[in-house]
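Working notes, beginning with the structure itself.
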Amino acid sequence: MRILGVHGVGNHYAGATSAEARAKLAATWTKNLARGPFGASVRECDLAVAYYADLLREPGGQSIDEVTLEELGPEAEALMRLWLDEQGLPEEVPQGWATWPLRQALAWVAARDGLAPSMVEAFVARFFAEVATYLGEPDGRPRADAGSAVALALTEHTPRVVIAHSLGSVVAYEALWAHRGAPVDLLVTLGSPLALPHAVFPRLLPAPVQELGSRPPSVRRWVNISDVGDLVAIPKGGVARAFTGVSADHHDSIHAFDFHLAANYLRCDPLARILREELARPVT
């Protein structure tokens, strides 16, 4: 069974060629699938991973992976504050988060969820720096290039299954809509921010119609998996609340602290069950 992975944030391989990065990612994803309940079944799969992280960076520029709150650009900060609005409000912030210092707001989120403030800061800074770069302009070069990289991988690998994690679910969704090639039997989104109100959902291409997105036409089945503690897999009701054509939305406690790591999603029970079901299906 051919599988194409589409990576999420924090996967830039500095100094590596695109081919080297793809090979490293494929080896890592294969290892993590094998270490989870899917186990030896991974031997029946041919897994490749599309790589686009290098296309979100200016040559010689600062690595987004190392960005701090103070270094965030205005667009990334604006997206972060839109995300904060979905986190609820403490009593002392009746007017919203707009005027609060980011570090103080993130400390409240960390305390609420029992997480280390430094971990939350590092994660959201890296996440929104990459999301802002990708979503910055509808016809911007980073968005177009990332989508083309995924479209090329779809054409070359002709996967039966696409597994897209984090920001990769946004890139894959748009690529599947824009570059309609061979049918994909199964799309699995992991820790997806696709339905994130205000910050991501209304910026998608194609734009939602009557406040609803829909399954890409070339995809026969779409399953979403999110950790109940994943800070960016919002709303908590899953992508099915904002998209038509979603076959199933799984919400599980996948990892108490490393809630958004691809490794933990790739090792989770729901993904293993879904992939085994797909392996057992006759190829049409």
Side-chain angles (χ1 to χ4, degrees), residues 1-34 38 41-57 59 130 133-135 139-192 194 204-206 215-224 245 262-263 265-266 271 274-276 278-279 281-284:
M1 182 170 72
R2 289 188 177 182
I3 299 174
L4 179 67
V6 186
H7 68 77
V9 301
N11 280 283
H12 183 227
Y13 284 83
T17 66
S18 180
E20 289 169 343
R22 290 195 303 270
K24 290 178 180 180
L25 283 164
T28 299
W29 279 45
T30 299
K31 177 182 68 178
N32 283 311
L33 281 171
F38 194 54
S41 298
V42 77
R43 297 172 187 165
E44 301 177 56
C45 301
D46 176 8
L47 187 148
V49 178
Y51 181 64
Y52 64 88
D54 56 331
L55 304 173
L56 303 183
R57 288 153 175 82
E130 291 203 29
T133 301
Y134 177 78
L135 292 178
D139 57 351
R141 184 170 180 176
R143 193 173 197 166
D145 288 351
S148 294
V150 173
L152 179 61
L154 287 165
T155 300
E156 292 181 343
H157 197 59
T158 58
R160 182 172 162 187
V161 176
V162 173
I163 302 174
H165 173 243
S166 181
L167 176 59
S169 68
V170 179
V171 183
Y173 176 84
E174 294 193 336
L176 286 163
W177 265 105
H179 308 275
R180 305 182 196 183
V184 171
D185 287 343
L186 174 65
L187 168 64
V188 183
T189 47
L190 306 173
S192 175
L194 273 166
L204 293 174
L205 297 175
R215 185 183 69 226
S218 60
V219 173
R220 291 173 175 157
R221 191 162 67 106
W222 179 3
V223 176
N224 182 62
Y265 276 112
L266 292 170
L271 180 60
I274 292 161
L275 293 180
R276 283 204 186 100
E278 193 61 35
L279 265 177
R281 291 178 189 270
V283 179
T284 56

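Remark: the backbone N or O of Y52 is paired with a side-chain donor or acceptor of H7 at under 3.5 angstrom. A donor-acceptor distance shorter than 3.5 angstrom exists from the side chain of H157 to the backbone of I3, with no hydrogens or angles considered. Using a distance-only test at 3.5 Å, with no hydrogens or angles considered, no donor-acceptor pair links the side chain of N32 to the main chain of W29.
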Query raised in the report: Checking side chain to side chain contact (heavy atoms under 4.5 Å, CB included) for the pair L266/T28: CA distance, chi angles, key distance, verdict?
Result: CA-CA 10 Å; L266 292 170; T28 299; over 6 Å; no
Query raised in the report: Can you check side chain to side chain contact (heavy atoms under 4.5 Å, CB included) on S41 and L275, steps first, answer last?
Result: CA-CA 9 Å; S41 298; L275 293 180; over 6 Å; no
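Y134 has its side chain out of reach of P142: every pair of non-hydrogen atoms, C-beta onward, lies at least 4.5 Å apart. Between P159 and L154, the closest side-chain pair of non-hydrogen atoms falls below 4.5 Å. No side-chain heavy atom of R221 sits less than 4.5 Å from a side-chain heavy atom of D185. For the pair V42/L47, no side-chain contact is recorded, criterion being any heavy-atom separation below 4.5 Å from C-beta on. Taking 4.5 Å as the limit, some side-chain heavy atom of L135 sits within range of a side-chain heavy atom of R143. When side chains are defined from C-beta on, V184 does not count as touching L4, because their heavy atoms never get closer than 4.5 Å. Side-chain contact between T155 and H179: absent, with no pair of heavy atoms (C-beta onward) separated by less than 4.5 Å.
From S18, atom OG reaches atom CG of L55 across 7.0 Å, with rounding to the nearest 0.5 Å. Taking CE of M1 as the reference point, atom CZ of R281 lies at 10.5 Å (rounded to 0.5 Å). Annotation: the span from T17 atom OG1 to Y13 atom OH amounts to 12.0 Å, rounded to 0.5 Å.
In this pair, H12 and Y51 present their aromatic rings parallel. The plane angle is below 30°, not in the 30 to 60° band. Relative orientation of the W222 and Y173 rings is tilted, given thresholds of 30° and 60° on the angle between their planes.
Nearest heavy atoms, E20 versus G15: OE1-O, 4.4 Å. Taking both residues in full, the closest heavy atoms of A16 and A21 are given as CB-N, 4.4 Å, listed atom of the first, atom of the second, then distance. For the residue pair A26 and A48, the shortest heavy atom distance occurs at CB-CA, 4.4 Å. Smallest separation of non-hydrogen atoms from A175 and A151: CB-N, 4.4 Å. Pairing each heavy atom of S192 with each of S169, the nearest pair is OG-OG, 2.7 Å.
The only member of L187, I274, L190, T189 that meets side-chain contact (heavy atoms from CB on, under 4.5 Å) when paired with I163 is L190.
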